[in-house]
Colleague: 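Following this message is one structure expressed as structure tokens.
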Amino acid sequence: MYRTNTCGELNISNVGQKVTLAGWVQRSRDLGGMTFVDLRDRYGITQLAFNMEVNASLCEKARKLGREYVVQATGTVTERASKNNKIPTGEIEIIVDELNVLNAAKVPPFTIEDQSDGGDDLRMKYRYLDIRRNPVRRNLELRHRMAMLVRNYLSSLEFLEIETPFLIKSTPEGARDFVVPSRMNPGEFYALPQSPQQYKQLLMVAGMDRYFQIVRCFRDEDLRADRQPEFTQIDCEMSFVEQEDVLQTFEGLAKHLFKEEKHLEFGDFPRITWHDAMRLYGSDKPDIRFGMQFVELNDVVKGCGFSLFDNAELVVGICAEGCAEYTRKQLDALTDFVKRPQVGAGGMVYVKYNSDGSFKSSVDKFYTQEQLKQVAEKFGAKPGDLMLILCGPAMKTRKQLNELRLEMGNQLGLRNPNVYAPLWVIDFPLLEWDEETQRFYAMHHPFTAPKPEDEALLDDPSRWGDIRANAYDIVMNGVEVGGGSIRIHDRELQNKMFHTLGFTDEKAAEQFGFLMDAFTYGAPPHAGLAFGFDRLCSLFGGADSIRDFIAFPKNNSGRDVMSGSPSPIAQDQLDELMIDVRPIANK
Ligand code: ASP
């Protein structure tokens with residue numbers, strides 16, 4: 001037997017027992033007469049003790065152990081003279097009488113400690129060493145527990161976990177596909193799934209009325225911060241349900257996770273329409289851990305001779321409670337913040353509601369004290385508050401103000417990662433206009449059903465932008481953790497949708513023919529949703545980055561720096577696949 005116990009479980013109740021442990025050397029201390037070695041495994045650290053007087057050669061052997069050596073030690077659990085109450089095994093040590101070096105180790109390129117001295121790149125290159133560190137290990141443990149909770153919960157509700165293929169037909173759904181050449185069918189390609197969307201809908205046609213899968217998805221997108229080309233979803237689909245059933249079911253799942261993992265209980269999650277979310281927060285994923293809702297000011301600020309406001313489509317602001325004392329420097333910094341290219345505002349107007357009841361603003365030239373009072377009333381502001389105002393085209397300005405609101409939330413400490421504020425955003429628009437290609441795209445995906453009461457608008461292209469979808473997102477702390485929709489199960493409506501999206505009959509048949517065909521064989525009404533599992537784990541872990549919750553993530557350029565992928569392949573492999581990678585000029 002390699003070990004009788006792990007390095008995390010022995011305590012005072014085990015004193016006197018003969019045990020064998022195996023693990024990695026965290027560190028060793030040579031105190032002359034005694035040598036101590038901290039032995040580490042996944043479960044914890046146990047101190048090994050070697051006494052020069054009792055067994056000199058064994059003690060010599062222990063002294064020679066390097067960091068991260070793999071060793072096996074047999075000895076007796078003994079009460080320690082000087083106890084360490086910071087670790088569960090801190091009251092005991094093992095007086096070793098047999099020590100086996102199972103493997104030597106090179107000195108690791110960074111310290112295997114909670115606060116490592118390794119930078120991001122180094123840690124990723126040696127990820128297997130990084131995972132030995134507590135914070136990373138704990139993240140993976142959290143991920144495992146979350147996956148188990150999801151499986152058990154959904155399984156208890158009759159959901160079946162069914163695997164769907166990874167080598168599928170390329171049917172661009174939004175992002176770019178990763179493609180895989182087929183050797184047996186030269187010149188033809190599979191795609192890796194962006195999501196199992198069509199297969200899960202086919203499973204509904206197949207009568208598997210509750211499906212889920214914790215599944216890898218692949219999207220060849222330009223990597224924005226904290227996106228991974230391969231990521232994991234909790235992918236779900238249900239038949240014979242309305243939106244309410246779906247929201248209840250997955251709100252139930254979210255509550256279950258909060259309860260089991262975080263010991264948090266929630267009432268009904270608030271719901272907000274997409275339109276209200278945009279109007280009140282300038283975002284379809286509002287962070288409602290704090291208020292600071294938008295206040296629209298057109299009716300109180302226009303017509304006073306301040307041309308910037310007079311000419312703007314929308315004047316809108318937020319009220320930061322108790323910030324009237326902000327200094328010139330702080331206000332300038334906020335102005336610089338909104339003027340950054342990432343935010344893109346032209347400037348910012350402030351109105352201070354001084355504690356003496358007077359007002360001080362950056363537009364004092366244009367507005368009387370009385371007029372500023374009206375502005376303050378509109379905000380419901382109190383003396384001591386600071387109002388921050390932006391103006392311009394409505395949607396653009398809302399998005400800019402969203403950034404400012406989040407920044408103020410950060411500055412005022414209102415975005416505590418240990419506080420959770422989930423909500424549903426519902427009634428998303430069905431279609432989204434794209435300026436560049438001058439056409440509408442499905443905001444969610446082409447299988448999403450319009451609201452029945454808006455369906456007639458599909459016949460009027462001038463109203464396409466107004467059609468609402470039966471689509472919903474689950475949002476937590478300003479992060480979209482999941483989304484889904486009621487699906488179109490009627491072939492005619494689906495055809496109409498494809499036409500709206502600019503598909504000819506032939507193109508639709510070529511790309512989605514199998515799904516369309518399936519719908520002629522009795523497709524039940526169905527709906528579904530997918531959670532971003534990596535993101536959900538990072539949120540539960542109180543961290544911003546999803547990378548820390550993936551065992552072997554890619555870096556920001558989509559590279560696995562540890563294995564060195566992607567990489568060129570050999571010419572004979574290319575030949576076999578009939579792929580010619582020469583630059584076009586040389587062909
Ligand atoms: N397939 C969708 C997605 O990946 C989720 C869904 O509609 O169920 O976002």
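Note that the structure is a prediction, hence the values are computed from the model and not measured. Atoms within each ligand, like the ligands themselves, are counted from 1 in listed order.
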Colleague: Which of the numbered atoms in ligand 1 are under 4.0 angstrom from any heavy atom belonging to Gln233?
Modeller: 3 (C), 4 (O)
Colleague: With ring centroids as reference points, do Phe218 and Phe166 lie under 6.0 angstrom apart?
Modeller: yes
Colleague: Partners of Phe290 by side chain to side chain contact (heavy atoms under 4.5 Å, CB included), sequence neighbours excluded?
Modeller: Asp287, Met292, Arg405, Leu406, Leu414, Arg415
Colleague: Under 4.0 Å from a heavy atom of Ser195: give me the atoms of ligand 1 that qualify, with their elements.
Modeller: 1 (N), 4 (O)
Colleague: Considering only heavy atoms of Leu529, which atoms of ligand 1 have at least one such atom less than 4.0 Å away?
Modeller: 8 (O)
Colleague: Before we go on, tell me: are the rings of Phe533 and Phe549 under 6.0 Å apart, centre to centre?
Modeller: no
Colleague: Grab the two heavy atoms, one from Phe212 and one from Phe159, that are nearest each other, plus how far apart they are.
Modeller: CD2-CB, 3.7 Å
Colleague: Using heavy atoms and a threshold below 4.0 Å, how should the contact between Ala530 and ligand 1 be classified: side chain, backbone, both, or neither?
Modeller: both
Colleague: Would you say Gln342 has more than 12 foreign heavy atoms packed within less than 6.0 Å of its CD?
Modeller: yes
Colleague: For a side chain to side chain contact (heavy atoms under 4.5 Å, CB included) with Pro286, tell me which candidate from Leu280, Asn402, Val425 qualifies.
Modeller: Val425
Colleague: One residue to check: His444. Relative to ligand 1, which of side chain, backbone, both or neither has a non-hydrogen atom less than 4.0 Å away?
Modeller: side chain
Colleague: Taking heavy atoms and a distance under 4.0 Å, where does Glu480 meet ligand 1: side chain, backbone, both or neither?
Modeller: neither
Colleague: Considering the heavy atoms of Gly483, write down every atom of ligand 1 situated less than 4.0 Å from one of them.
Modeller: 5 (C), 6 (C)
Colleague: Heavy atoms only: which of Lys200, Arg219, Gln198 lies closest to atom 8 (O) of ligand 1?
Modeller: Lys200
Colleague: Which is it for Arg487 and ligand 1 at heavy atoms under 4.0 Å: side chain, backbone, both or neither?
Modeller: side chain
Colleague: Would you please indicate yes or no on a ring centroid separation below 6.0 angstrom for Phe266 and Tyr420?
Modeller: no
